[in-house]
Amino acid sequence: MAKVESFTLDHTKVKAPYVRLITVETGPKGDKISNYDLRLVQPNVNAIPTAGLHTIEHLLAGLLRDRLDGVIDCSPFGCRTGFHLIT
């Protein structure tokens with residue numbers, strides 16, 4: 001089974017809200033791809049309501065792509081506690 005970084009993270013040791021660099025990978029042509037954890041609520045304690053999460057997703061996707069060079073994606077976590085930001 002593939003190792004999922006967030007499954008090995010002790011969620012009791014981090015306190016939301018926070019921004020955390022998950023990983024930096026190197027693409028086939030040497031480009032660097034960074035994956036950030038944009039955590040808004042504490043895992044295993046709370047979750048963002050679906051409608052609110054969807055609204056935040058659209059706001060972030062538009063604003064981040066318009067204002068920051070290199071943003072590839074900003075997608076919600078399945079657990080509804082925050083977002084992956086890929087640059």
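Hydrogens, waters and symmetry mates are skipped; everything else that's a heavy atom, side chains included, is used.
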Grab the two heavy atoms, one from [X] and one from [Y], that are nearest each other, plus how far apart they are.
X	Y	answer
Val41	Arg80	CG2-O, 4.1 Å
Ile48	Gly52	CG2-C, 4.1 Å
Lys15	Gln42	CA-OE1, 3.2 Å
Tyr36	Thr87	CE1-OG1, 3.7 Å
Cys79	Ala47	O-CB, 3.9 Å
Glu57	Cys74	CG-O, 4.3 Å

**Report entry** Connected via hydrophobic side-chain network under 4.5 Å: Ile33 and Leu68
**Finding:** no

**Report entry** same_hphob_cluster(Val19, Ile56) at 4.5 Å side-chain heavy-atom cutoff
**Finding:** yes

What's the spacing between [X] [atom1] and [Y] [atom2] if we round to 0.5 Å?
X	Y	atom1	atom2	value
Glu25	Asp31	CD	CG	10.5 Å
Thr55	Leu60	OG1	CG	11.0 Å
Leu53	Phe83	CG	CZ	4.5 Å
Leu38	Leu64	CG	CG	7.5 Å

Query raised in the report: Under 4.5 Å between any side-chain heavy atoms of Lys32 and Thr26, yes or no?
Result: yes

Query raised in the report: Can we say Asp37 and Arg39 salt-bridge, meaning some charged N sits less than 4.0 Å from an Asp/Glu carboxylate O?
Result: yes

Query raised in the report: Only one of Leu85, Ile72, Ile86 forms a side chain to side chain contact (heavy atoms under 4.5 Å, CB included) with Asn35, so which one is it?
Result: Ile86

